[in-house]
Amino acid sequence: MADRDLANGIASTEVQEGRIVASVLDGQDVVLVRHEGRVCALAGQCTHLKAPLADGIVADGTIRCPWHHARFDVQTGEAVGAPAFAPLQRFEVVEDGGQLRIARPSEPASVPEVADTEGLGRIVIIGAGAAGHACAEMLARHGSGAAVTVIDQEGDAPYDRTFCSKQYLAGKAERKDTALPMLGEVDVRSGVAVSRIDREGKVVILHDGSRIPYDRLVLATGAEVVSPDFYGSDRAEVFALRSLADADRLIAAASEAERAIVVGSSYIGLEVAASLIARGLKVAVVSDDALPLEKTAGPEVGAMIRNLHEAKGVEFYMNRRIARWDGHVAMLDDGVEVKGDIVVAGIGVKPRVELAEAAGLELADKADGGGVKVDQYLRTSDPSVHAIGDIANVPDPRLVHSIRVEHWVVAQRMGQWLARHLIGQVDEGYADVPFFWSGHYDLSLRYVGHVASPDNRTIDGDVSAKDFMVSFAEEGREQAILTAGRDELALEKEHCWERQDRAEAGE
């Protein structure tokens, strides 16, 4: 049906409740969905990275992207769930004599504004990364941007950090492609740092002495890269990769290098390895793990990932550490020498909790994930202060304990939920199911849910053929899955767990 032009019409009976029908209109992909009896027509590509929405699902009045799980309101086209922010184009549908035809594009649906913006008070958001930007964007989208101040120490315009290790670093996207929506009426203070928080006076004090009062404070300070520790790790040719500026510096160095050493076999480290391979460098991965991704995905997926990267030319030195590096050759702890003109650290991040700690807010124990403790409404130990994103240690309704998750979409969804909560759109606590994706050459992995360890796992499918689902159990039931080649299944599982959570909460 995808090659049929909707200008010629389609039988009404072909569009059934809750199903997606793919077609085209004058060469443009369009999807039809019957929702509550009404047929809705929307542009057929996700506004995030142009995934085909025909391969997605319809759930709770939204159409969901198969690649990165963005969500759009079926009736209005509004992007209601990150990582997409731009709405889908809508089309007028005419139903006549049992036939459906597209008449013309519709005007974008208006987003309801907050009735009482003064009642919100002054909202100050510290941090403009995934969580802070998404929170401010959603507030601005609903007409309350003038009540918001965002303090952005980094100083770059809002951008999608996931590009840094993937498309942008690989040379498959330009800097402009990383841009996120600007923030409308929001007061953005760029390139400035916070000195401290005066909770008693409800004031944020900047390094230059400026004072910004707040009624609600949102901490979205994110995480920082863990630095490697070996002789020579302080050299200029050793790179971290957290920001767009970091990516710019690495790209410049890579253009003059022949060999790169990546320290760590995490998702980010391996994405960096794949991106540098795409730039024509020879890449070696040095890791103190036995297999890549083994601690999160298990040995079966770890072995497949290693084979995939080795087939592209990546060399692995596992169960090893760098003892010293002189700028050209790394000496490993077993005496083996590995050549490399640049070194990239991919050994993890740690939450930026210094401001919260200095302000006397309650922190979570490191054994429990660390970060700032929050309740189901993302409130810290001070009810007027919220924490979101990488620093938030939040109750998980399925695991029945708190977790801290360092995923881009999780941070964005947390920020969007808090914005909706502040303007009175949602009363129930935050309970989104965690999700992230990782790309390695032509392989895409989707991870839904959360477990501390992959030890209790079952595999459906063929890992070596890159068509599988790994199911992880914790607390006596399935809590997470990792999939390849099964995008619809990942979406269905996510939606199933959402319904379970609502049912158990008695909603």
Side-chain angles (χ1 to χ4, degrees), residues 1-12 14-96 99-113 133-134 137-138 140-143 158 160 167 173-174 176-184 409 412-413 416 420 487-488 491:
M1 196 181 300
D3 59 350
R4 290 177 57 181
D5 195 324
L6 285 172
N8 298 324
I10 181 174
S12 299
E14 293 189 44
V15 186
Q16 300 178 5
E17 186 73 21
R19 305 300 298 175
I20 302 173
V21 175
S23 196
V24 293
L25 178 66
D26 298 330
Q28 179 182 352
D29 290 339
V30 175
V31 289
L32 300 178
V33 177
R34 189 181 296 276
H35 177 65
E36 297 179 349
R38 173 190 171 193
V39 176
C40 304
L42 300 165
Q45 293 185 343
C46 178
T47 59
H48 175 229
L49 288 178
K50 298 184 178 180
L53 293 177
D55 294 337
I57 67 169
V58 176
D60 298 330
T62 66
I63 185 167
R64 302 189 177 189
C65 169
W67 290 359
H68 309 121
H69 293 207
R71 303 175 184 183
F72 301 88
D73 186 286
V74 167
Q75 298 188 72
T76 68
E78 182 189 359
V80 295
F85 289 90
L88 294 172
Q89 184 179 21
R90 298 188 305 156
F91 299 89
E92 294 286 349
V93 179
V94 175
E95 188 165 5
D96 181 35
Q99 289 286 109
L100 297 169
R101 288 184 175 83
I102 301 298
R104 62 184 182 278
S106 296
E107 292 295 321
S110 59
V111 178
E113 294 192 355
H133 169 269
E137 192 276 340
M138 187 61 72
R141 193 189 304 184
H142 288 274
D160 187 331
Q167 303 96 316
E174 298 180 14
K176 63 180 178 61
D177 298 325
T178 71
L180 290 172
M182 301 304 287
L183 297 177
V409 171
Q412 290 181 315
R413 297 268 179 85
Q416 291 180 323
R420 293 190 180 104
D487 292 347
E488 185 174 353
L491 283 170

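The figures here come from the full heavy-atom set of this structure, side chains too, leaving out hydrogens, waters and symmetry mates. The first residue in the sequence is number 1, and the count goes up from there. Quantities reported herein were computed from a predicted structural model and do not represent experimental measurements.
Residues Glu488 and Pro66 fail the side-chain proximity criterion, which asks for heavy atoms closer than 4.5 Å. The side-chain heavy atoms of Ile102 and Val93, taken from C-beta on, include a pair separated by under 4.5 Å.
Partners of His69 under the side-chain hydrogen bond (donor to acceptor under 3.5 Å, both in side chains) rule, at least two apart in sequence or in another chain, are Glu494. Under the rule for a salt bridge (Lys or Arg N to Asp or Glu O under 4.0 Å), Arg90 has no partner lying at least two apart in sequence or in another chain. Checked against side chain to side chain contact (heavy atoms under 4.5 Å, CB included), Ala79 has the following partners two or more places apart in sequence or in another chain: Phe72, Ala84. Listed by chain and residue number, Ser106 satisfy the side-chain hydrogen bond (donor to acceptor under 3.5 Å, both in side chains) test with Glu92 (two or more places apart in sequence, or in another chain). For Thr178, the side chain to side chain contact (heavy atoms under 4.5 Å, CB included) partners are Tyr159, Phe163, Tyr168, Leu244, not counting sequence neighbours. Legend: residues meeting side chain to side chain contact (heavy atoms under 4.5 Å, CB included) with Arg34, ordered by chain and number and at least two apart, are Ser12, Val15, Glu17, Val39, Glu95. For Asp487, the salt bridge (Lys or Arg N to Asp or Glu O under 4.0 Å) test picks out Arg446, with sequence neighbours left out. With sequence neighbours excluded, no residue forms a side-chain hydrogen bond (donor to acceptor under 3.5 Å, both in side chains) with Arg420. Partners of Phe85 according to the ring pair (Phe, Tyr, Trp, His ring centres under 6.0 Å) rule, which considers only residues two or more places apart in sequence or in another chain, are His133. With sequence neighbours left out, Gln167 forms a side-chain hydrogen bond (donor to acceptor under 3.5 Å, both in side chains) with no residue at all. In this structure Gln16 satisfies the side chain to side chain contact (heavy atoms under 4.5 Å, CB included) test together with Arg19, sequence neighbours excluded.
Here the shortest heavy-atom pairing between Pro83 and Val409 reads CD-CG2, 4.0 Å. Nearest heavy atoms, Gln28 versus Ala43: NE2-CB, 3.7 Å. Minimum heavy-atom separation, Thr47 to Pro87: CG2-O, 3.4 Å.
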Counting only pairs under 3.5 Å, give me each side-chain donor-acceptor contact of residues 53-63, with atom names and distances, residues two or more places apart or in other chains.
residue: Asp60; atom: OD1; partner: His495; partner atom: NE2; Å: 3.4
residue: Asp60; atom: OD2; partner: His495; partner atom: NE2; Å: 3.1
residue: Asp60; atom: OD2; partner: Arg502; partner atom: NH2; Å: 2.9
residue: Thr62; atom: OG1; partner: Ala59; partner atom: O; Å: 2.6
residue: Thr62; atom: OG1; partner: Arg64; partner atom: NE; Å: 3.0

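Atom CD of residue Gln75 and atom CD of residue Glu36 lie 6.0 Å apart, to the nearest 0.5 angstrom. Atoms CG and SG, from Leu88 and Cys40 in turn, are 11.5 Å apart once rounded to the nearest 0.5 Å. For the atom pair Gln45 CD and Asp29 CG, the distance stands at 5.0 Å (nearest 0.5 Å). Atom-to-atom distance recorded for Gln412:CD and Glu137:CD is 9.5 Å, nearest 0.5 angstrom.
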